[in-house]
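Notes for the one structure printed next.
Computed over heavy atoms, backbone and side chain alike; hydrogens, waters and symmetry mates excluded.
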Number of protein chains: 2
Amino acid sequence: MRECCDMRGFLSFIVLRLISKKSMSGHELSQEIKKRKGSKPSPGTIYPVLKALSENGFIEEIKDKGKIKKYRLTKKGKKELEIATVKFCQIFYDMKDEFGRRC
Amino acid sequence: MRECCDMRGFLSFIVLRLISKKSMSGHELSQEIKKRKGSKPSPGTIYPVLKALSENGFIEEIKDKGKIKKYRLTKKGKKELEIATVKFCQIFYDMKDEFGRRC
DNA sequence: TTTACAATATCGCATATCCGATAAAAAATA
DNA sequence: TATTTTTTATCGGATATGCGATATTGTAAA
C-alpha cells in the first residue's frame with residue numbers, strides 16, 4: 001500500500017466543482033489543485049481529464065483569441081455535478097461534523 | 001469514461017472512518033457502505049482492503065468467538081485517519097456549504 | 001455427525017488513475 | 001518577425017482499485 005487514503009480518484013469531481021464556480025484553464029486548475037492537495041497533478045493527468053470531460057459533454061471550451069483556453073460547465077455538466085454532489089454527501093454525510101470542527 | 005465521478009477510491013478512508021466509530025466486521029462494513037454508496041463492495045473488494053489495512057498496522061482484529069472478526073483502529077490507524085481527515089478537509093473544504101445545504 | 005449456511009479469503013482479470021517524458025501549439029517578449 | 005516561455009496535448013508504463021468466481025472456514029441446525 002502506497003499510503004493509506006492518499007485521496008486518489010475524485011479528480012474529475014474536483015475539476016467539475018472548481019469549474020462550476022469559475023471558468024478555468026488547465027493550468028489554473030493544476031494550481032488550485034496543488035493548493036488543496038499539496039501535490040500538483042502532472043500535465044499527463046490534468047489534460048486527459050479535461051479531454052475526457054469535454055468529450056463527454058460535461059465541459060466546453062471558451063476561447064477568445066489571444067487568451068488561454070478556459071473551460072466552463074455545460075448544462076449536462078451541471079447535472080452531472082449535481083448528481084455527483086448528492087452522492088458525495090450520501091457517502092460522506094458524517095464529515096459534516098469534521099468540517100464543522102476543522103474549518 | 002465509465003461514469004464521471006463514480007466516487008471510486010476512498011474505500012480505505014471510508015473503512016477507517018466507519019471502524020473509528022464502531023468496531024465492525026467485513027460483512028457489517030459492506031452493508032454500511034451499501035447504504036451510503038448504493039452498491040455493495042464485492043467480497044473480493046472489502047476483504048483485501050481489510051487485509052491491507054491490517055498488514056499496515058492501521059486496524060486489528062478483535063475476535064470474539066466465532067468466525068466473525070471485528071476490527072478496530074490501532075493507535076497508528078487513528079493517526080493515519082487524522083492525517084487523512086485533515087487532507088480530506090483541505091481538498092474539499094468548500095463542500096462544507098453543500099453539506100449545510102443538503103444534510 | 002452431517003448438512004447447510006454465512007462470513008471470510010484468495011485468485012485472475014479488467015479497467016482507472018496518475019505520472020514522467022516528450023512533443024506540439026499558443027502566447028509573450030524581444 | 002524571431003525567439004523564448006508558457007500552456008496544452010499525447011504516449012507508454014506503473015500501480016491501484018474493484019469485480020466475479022471460487023475456495024475455505026467456522027457455526028448452527030437438522
Side-chain angles (χ1 to χ4, degrees), chain A residues 1-16 18-19 23-34 36-56 58-72 80 84 87 91, chain B residues 1-16 18-19 23-34 36-56 58-72 80 84 87 91:
Chain A
M1 193 183 292
R2 192 178 47 253
E3 183 189 355
C4 163
C5 312
D6 66 347
M7 308 287 163
R8 268 196 182 209
F10 288 61
L11 191 54
S12 294
F13 180 63
I14 294 172
V15 166
L16 285 190
L18 291 176
I19 290 179
S23 293
M24 295 174 90
S25 67
H27 193 244
E28 286 175 301
L29 285 164
S30 288
Q31 290 183 321
E32 177 61 27
I33 290 164
K34 177 173 172 44
R36 295 180 180 230
K37 303 214 335 174
S39 64
K40 188 161 154 177
S42 104
T45 298
I46 191 70
Y47 293 106
V49 163
L50 289 172
K51 190 184 176 197
L53 289 172
S54 225
E55 284 172 354
N56 279 275
F58 296 133
I59 64 178
E60 65 190 354
E61 301 178 11
I62 6 176
K63 162 135 189 187
D64 14 40
K65 60 208 157 200
K67 285 189 181 170
I68 295 167
K69 192 198 284 187
K70 292 196 177 187
Y71 290 92
R72 74 172 154 219
E80 185 73 8
K87 203 165 179 183
I91 296 172
Chain B
M1 194 183 289
R2 192 179 46 255
E3 182 189 356
C4 161
C5 312
D6 68 346
M7 308 287 162
R8 266 196 182 209
F10 286 61
L11 192 54
S12 293
F13 180 63
I14 294 172
V15 166
L16 284 191
L18 290 175
I19 291 180
S23 293
M24 295 175 90
S25 67
H27 193 245
E28 286 174 302
L29 284 164
S30 290
Q31 290 183 321
E32 177 61 27
I33 290 164
K34 177 172 173 45
R36 296 180 181 230
K37 304 216 330 176
S39 64
K40 188 160 153 177
S42 101
T45 298
I46 192 69
Y47 292 107
V49 163
L50 289 172
K51 191 184 174 196
L53 288 173
S54 225
E55 283 172 354
N56 279 275
F58 297 134
I59 63 177
E60 65 189 353
E61 300 178 14
I62 6 176
K63 173 142 182 181
D64 35 23
K65 65 220 157 188
K67 78 191 147 168
I68 297 179
K69 283 185 201 172
K70 292 200 173 187
Y71 290 91
R72 74 172 154 219
E80 185 73 8
K87 203 165 179 184
I91 296 173

Integer-rounded Å distance: dG18(D) P and K34(B) NZ: 16 Å
Gap between atom CZ of F10(B) and atom CZ of R8(A) - 0.5 Å precision: 11.5 Å
Touch class at under 4.0 angstrom, heavy-atom based, for P48(A) against every strand present: base
Contact under 4.0 Å: K69(A) side-chain N or O vs dA9(D) OP1/OP2: yes
N/O (side chain, K51(A)) to phosphate O (OP1/OP2, dA9(D)) under 4.0 Å: no
Whether N56(A) side chain and F58(A) backbone form a donor-acceptor pair below 3.5 Å: no
Of P43(A) and G44(B), the one whose closest DNA chain C nucleotide lies more 5': G44(B)
Rounded interatomic separation in angstrom, taking CD1 from I33(B) and C1' from dT17(D): 13 Å
Sugar-phosphate, base or nothing in reach of L11(A), heavy atoms under 4.0 Å: sugar-phosphate
Main-chain N/O of S25(B) paired with E28(B) side-chain donor or acceptor, under 3.5 Å: yes
base_contact_polar (dG18(D) base, S42(B) side chain, donor-acceptor, <3.5 Å): no
From dT8(D), dA7(C), dC18(C), nucleotide with atom closest to H27(A) side chain: dT8(D)
Atom pair distance, as rounded to whole Å: NZ in K67(A) and P in dA28(C): 10 Å
K63(A) side-chain N/O to dA27(C) phosphate OP1/OP2 under 4.0 Å: yes
Working for salt bridge (charged side-chain N to carboxylate O under 4.0 Å, His left out), residues E60(A) and R72(A): CA-CA 6 Å; E60(A) 65 190 354; R72(A) 74 172 154 219; 2.9 Å; yes
Whole-Å gap separating P (dT15(C)) and CG (D6(B)): 14 Å
For atom CD of E28(B) and atom P of dA6(C), their distance in whole Å: 16 Å
Integer-rounded Å distance: dG18(D) C1' and E3(B) CD: 14 Å
S30(A) (side chain) donor-acceptor with G26(A) (main chain) under 3.5 angstrom: yes
Interatomic distance where CZ belongs to R8(B) and P belongs to dA14(C) [whole Å]: 14 Å
Among dT8(C), dT8(D), dA16(D), the one nearest I68(B) by side-chain distance: dT8(C)
Value in whole Å for how far the C1' atom of dT17(D) lies from CE of M7(B): 16 Å
Sugar-phosphate only, base, or nothing, as touched by I46(A) at under 4.0 Å among non-hydrogen atoms: nothing
Position toward the 5' end of DNA chain C (nearest nucleotide), Y47(B) or T45(A): Y47(B)
